[in-house]
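Structure first, commentary second.
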Amino acid sequence: MVSAPRGIRIRAVPEVIELAPGEPVTLAVEVFNTTDVVDQFQLAAVGINPDWVSFSPPALSLFPSSAGTAEVTILVDSAYAYTAGRHMI
């Protein structure tokens, strides 16, 4: 699940991923500016160690009613003991 402030829509593609420690996974995050002003959006992951996540680009500048895409790579440290199961990021 992806959350965003009012006036912004976010979609992750794919919406569900499987992670294995030490193996990177890359997905796309589409950000839609549904407001009537030009704005810049800093990307961040919540619910996971920020050292495991990288964004390219790390921010998107979007005109009103436009969209942009960033690539997100998640690499869970292989030394980290994470409980198996479904986790929201």
When rounded to the nearest 0.5 angstrom, what distance separates CG in Leu60 from CG in Asp39?
11.0 Å

Same cluster or not: are Leu19 and Val29 linked, directly or through other Ile, Leu, Val, Met, Phe, Trp or Tyr residues, by side-chain heavy atoms under 4.5 angstrom apart?
yes

Under 4.5 Å between any side-chain heavy atoms of Val72 and Val53, yes or no?
yes

Val25 versus Thr73: any side-chain heavy-atom pair under 4.5 Å?
no

Close side-chain approach of Ile10 to Glu30, heavy-atom, < 4.5 Å:
no

Residue pair Phe55 / Ala45: nearest heavy atoms and the distance that separates them:
CZ-N, 3.7 Å

Tell me the closest heavy-atom pair linking Val13 and Leu27, and the distance in Å.
O-CB, 3.4 Å

Give, for atom CZ of Phe63 and atom CG of Asp36, the distance between the pair rounded to the nearest 0.5 Å.
14.0 Å

How many angstroms lie between CZ in Phe32 and OG in Ser65, if you round to the nearest 0.5 Å?
12.0 Å

Determine, using the 4.5 Å side-chain heavy-atom cutoff (strictly less than), whether Val38 and Phe41 are members of one ILVMFWY cluster.
no

Shortest non-hydrogen contact from Leu62 to Val31?
CD1-O, 3.4 Å

How far does OG of Ser56 sit from CG of Leu43, to the nearest 0.5 angstrom?
10.0 Å

Grab the two heavy atoms, one from Ala70 and one from Pro57, that are nearest each other, plus how far apart they are.
CB-O, 3.8 Å

Between Glu71 and Thr26, what is the shortest heavy-atom contact and its length?
CG-CG2, 3.2 Å

If every non-hydrogen atom of Leu75 is compared with every non-hydrogen atom of Gly22, which pair is closest and at what distance?
CD1-C, 3.4 Å

Check whether more than 12 heavy atoms from other residues, nucleotides or ligands sit under 6.0 Å from atom CD of Glu18, and answer yes or no.
no

So how far is it from Glu23 CD to Ile74 CD1, rounded to the nearest 0.5 Å?
13.5 Å

